[in-house]
Amino acid sequence: MENLLAARAQMAMSLAFHIIFASIGIAMPLLMVIAEGLWLKTKDETYLTLAKRWSKGTAIMFAVGAVSGTVLSFELGLLWPTFMAYAGPIIGMPFSLEGLAFFIEAIFLGIYLYGWNRVPKTVHWFAGMMVLLGGMLSGIFVVTANAWMNTPTGFQIEAGKAINIDPVAAMLNPSSFSQALHMTIAAFLAVGFAVAGIHAYFLRRDPHNAFHRKAFAIALSVGGFFAILQPISGDISAKRLAKHQPVKLAAMEAQWETERGAPIRIGGIPDEDNEVTRYAIEIPKALSFLTHFDINAEIKGLKEFPPEDRPPVAIVHYAFQIMVGCGFVMIIAGIIGGWLTWRRKGLPINSWYLRFITFCTPLGFIAIEAGWTVTEVGRQPWVIYNIMRTADAVTPMPHLIVPFIGFTVLYIFLSIIVVILLRRQIFIYE
Amino acid sequence: MFNLEYWIAGVMLISLIVYMLTGGADFGGGIWDLFATGRRAKDQREIITHALAPIWEANHVWLIVIVVLLFVAFPVAFATIGTALHIPLTLMLFGIVLRGTAFVFRTYDDQSETTHLRWSRLFAIASIITPIMLGVTLGAVASGTIHANVETGIVETDFISSWFALFPFAIGVFTLTLCALLAAVYLTLETDNPELQEDFRLRALITAICVGIMAGVSFLLSAEGAPSIRKGLGNSIWSMPFHLLTGAVAIWAIWAIWKRHYPLARVLVPIQVTLIIFGWGFAQFPYIVTPNLTFSNTAVSNSVLRPVLIIVVIGAVIVVPAFWYLYAVFKGRDDRDSDTTG
């Protein structure tokens, strides 16, 4: 394997692994503080049991997230020293703030997980809120740094060096808001549905179990609420892409020709050699309308860009289809859930609906992985869009295949253990 | 008024000290988990677990702070270290990942003796690899063998010889002994059982002597292994009084452990470690990576450093009281034996 490919594979694998645990670390505290808050309000002990049970599973995820995140912060320098020498100071602001947010998260997590009998109840709940806040801000700041790689701002280039750096302008680059919003909602959405799915599985066997009913209600409310919000943020992202990264948008939609009244393609097979997309179902003029509010707006096609500046079209297009597909199913699940709740004036525990929600368990995480693939692969061949190519950023260190295999084996091992331990946590009480 | 980059360097040094005093002791806990022996081996392990569980993740963040400040303020140095020391840093990362996960997995996996012991072993071995590799990295940075061009950022390296040498490994083992000493001393105060206190007292005494030996060995090896540091350690005006002070505190600490004045020892040993790190920091100053990279010639412009320092100040106002509170909750005198997991 060539060195650049090994470095990219290691980075991709490390991020794909970390993003799962990071998302859980962002969103589980919301479920826990809701449950604990309801306990404080209603004095119903079931809610307390719920918060404690959730916190045990979360403890495992947090630890894996913290250490895999540490790996990433080092890998920036181990794999991409040239990139970091250039970009480190420019994106230093969000990374510094991320360090601060991570600190808050880790400190209050210790109090939350181990302080049940040591601090007053309200302080404990407050600690949970701080974990939630720290986790959310951590995620937002890291995504902000990634957003800068898509739309680099806040500096000028002179003789190949970045000068006149304005860290605030770099942090508030055009992609920051849309990316951070989309990722944060995605985390709550994915975790909400995953947790709801697990409890739905048990409710099908025991529909009157108070514990699972309460858990299901909280998780599904969170998941459903954010599912319905997500298309709005997706729309903001699409408009931003059309303006700032047209080549990525073109790859997502497998749009080869520059076109007025461009369609949205569902499915389809992009043929990169012949520069066409076949067998797609097209919704006429929809892409132009969604990105510009004008059914005849011009959308730039891939042919507008030289081949060496285009991302791998098929991967980006398929990943985008997967993300949208998963999102769509969860939106429908959210809407049906709301409607059933209103109809039944109670928990939507119809057998078929519980089965549907169980089916949705992994969808949010599949969507996160796919969406992350869209944004990262869609930025290629650039590490800093239109400024530095990924190939120019890689370390001169030889034999990068070795650490790549090492970390892959390590992470596969950890994944297996986490699955086994979560199964234990979930089934041990049943 | 100092240049801004020196303030950042100061914050990094303080963060490294706090990381050693807190996170370093957590690694030390892993070491004593491995060397848990005798009738009370199980109790020793339990105390270590109990002591680490609520705080290790927060302690670990100090390392993140150092890394982030390094790449934000001194990006060329970060790139240089990441390139030339790729191998020890990767090994350190393996240690960090396995230490943290094995520790948590042990708590949540089935509690049979064999499973528990298997995770304990992994946790302990990772706790040993990590500080050694951290020390190796710092030793290599100090050794003067990493030649980087400040202008181009290009580093000439064979990726091995600058760290795979006697001096960096001496620093690695030195770091390990400091972690072990800190942990043993802290652990004497994590239990009321006099027998267990004696166990950790004995360990503290042995490691205190090992620390002394490794300090001497490192100093001797530095003549060849890190000449510019040796110059800083040996010839400056401040060096003699400083060494005497460090040595006096070390002896006082051993006396306190010997006399079972554990609360005093818990104050003195961290001071000793702090002095050692300060001594190294001042000896290496103004170099960030000897012999070519200094804090000044790798620092980015003030337009970047100023907001970072503002964040550091705001961060300190929030983090220091919160960190203090975490310790007050879990390391306060009277909740030693109460239930922690709920």
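Values in this document were obtained by computation on a predicted structure and should not be read as measured data. First the proteins, then the strands, lettered A, B, ... as listed; each starts at 1. Just so it is clear, the values below take in all heavy atoms, side chains as well, and ignore hydrogens, waters and symmetry mates.
Using bins of under 30°, 30° to 60° and over 60° for the plane-to-plane angle, the ring pair B:Trp62/A:Phe103 lands in the perpendicular bin.
Using a 4.5 Å cut-off on side-chain heavy atoms (C-beta onward), A:Met93 and B:Pro307 make contact. Using a 4.5 Å heavy-atom cutoff, the side chains of A:Tyr114 and B:Val329 are not in contact. For the pair A:Arg118/B:Pro54, no side-chain contact is recorded, criterion being any heavy-atom separation below 4.5 Å from C-beta on. Using a 4.5 Å heavy-atom threshold, the side chains of B:Phe78 and A:Pro81 count as separate. Between B:Thr107 and A:Ile60 the shortest side-chain heavy-atom distance does not fall below 4.5 Å. Residues B:Tyr325 and A:Ile111 are in side-chain contact: their nearest non-hydrogen atoms beyond the backbone lie under 4.5 Å apart. Residues B:Val72 and A:Ser96 are in side-chain contact: their nearest non-hydrogen atoms beyond the backbone lie under 4.5 Å apart. Residues A:Val71 and B:Ile96 have side chains not in contact (no heavy-atom distance under 4.5 Å, counting atoms from C-beta outward).
No part of A:Leu422 comes within reach of chain B, as not one of its non-hydrogen atoms sits under 4.5 angstrom from that chain. For a residue to count as touching a neighbouring chain, one of its non-hydrogen atoms must lie under 4.5 Å from one of that chain's; by this rule B:Leu98 touches chain A with the side chain only. Neither the backbone nor the side chain of A:Tyr112 comes within contact range of chain B; no heavy atom of the residue lies under 4.5 Å from a heavy atom of that chain. Heavy atoms closer than 4.5 Å to chain B are found in the side chain of A:Leu109, but not in its backbone. Proximity to chain B (any heavy atom under 4.5 Å) is shown, for A:Phe62, by both the backbone and the side chain. Using a 4.5 Å cut-off between heavy atoms, B:Ile318 touches chain A through its side chain atoms alone. Neither the backbone nor the side chain of A:Val394 comes within less than 4.5 Å of any heavy atom of chain B.
Among B:Val308, B:Leu89, B:Val65, the residue with the largest count of heavy-atom pairs under 4.5 Å with chain A is B:Leu89. Of all the listed residues (B:Phe94, B:Phe74, B:Trp56, B:Phe103), the one sharing the greatest number of non-hydrogen pairs under 4.5 Å with chain A is B:Phe94. Highest contact tally toward chain B, considering only A:Met130, A:Lys161, A:Met397, is held by A:Met397 [criterion: heavy-atom pairs under 4.5 Å]. With chain A as the partner, the residue from B:Thr80, B:Val67, B:Ile55, B:Thr157 showing the most heavy-atom pairs under 4.5 Å is B:Val67. No other option in A:Val119, A:Asp166, A:Ile104, A:Val402 has as many heavy-atom pairs under 4.5 Å with chain B as A:Val119. Taking B:Ala84, B:Ala79, B:Gly100 one by one and counting their heavy-atom pairs under 4.5 Å with chain A, the maximum is reached by B:Ala79. The choice from A:Thr82, A:Leu414, A:Leu97, A:Ile107 that makes the most heavy-atom pairs within less than 4.5 Å of chain B is A:Ile107.
The distance from the CG atom of B:Asp110 to the CD1 atom of A:Ile420 is 10.0 Å, given to the nearest 0.5 Å. Put simply, CD1 on B:Ile311 and CD on A:Glu98 are 11.5 Å apart, with the number rounded to the nearest 0.5 Å. Taking CD of B:Glu57 as the reference point, atom CG of A:Leu113 lies at 7.5 Å (rounded to 0.5 Å).
Nearest heavy-atom pair, A:Ala59 versus B:Tyr108, reported as atom, atom and distance to 0.1 Å: CB-OH, 3.4 Å.
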Begin with the C-alpha distance, continue with both residues' side-chain angles, and end with the deciding distance and a verdict on side-chain contact (heavy atoms from CB on, under 4.5 Å) for B:Val97 and A:Leu410. CA-CA 9 Å; B:Val97 171; A:Leu410 177 64; 3.8 Å; yes
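Looking only at atom types and distance, the side chain of B:His86 has no donor-acceptor partner in the side chain of A:Thr395 under 3.5 Å away.
No option in B:Thr83, B:Ile81, B:Leu93, B:Ile87 other than B:Leu93 meets the side chain to side chain contact (heavy atoms under 4.5 Å, CB included) test with A:Leu78.
Looking at B:Thr101, its side chain never comes within 3.5 Å of a backbone N or O of A:Val64 through a donor-acceptor pair.
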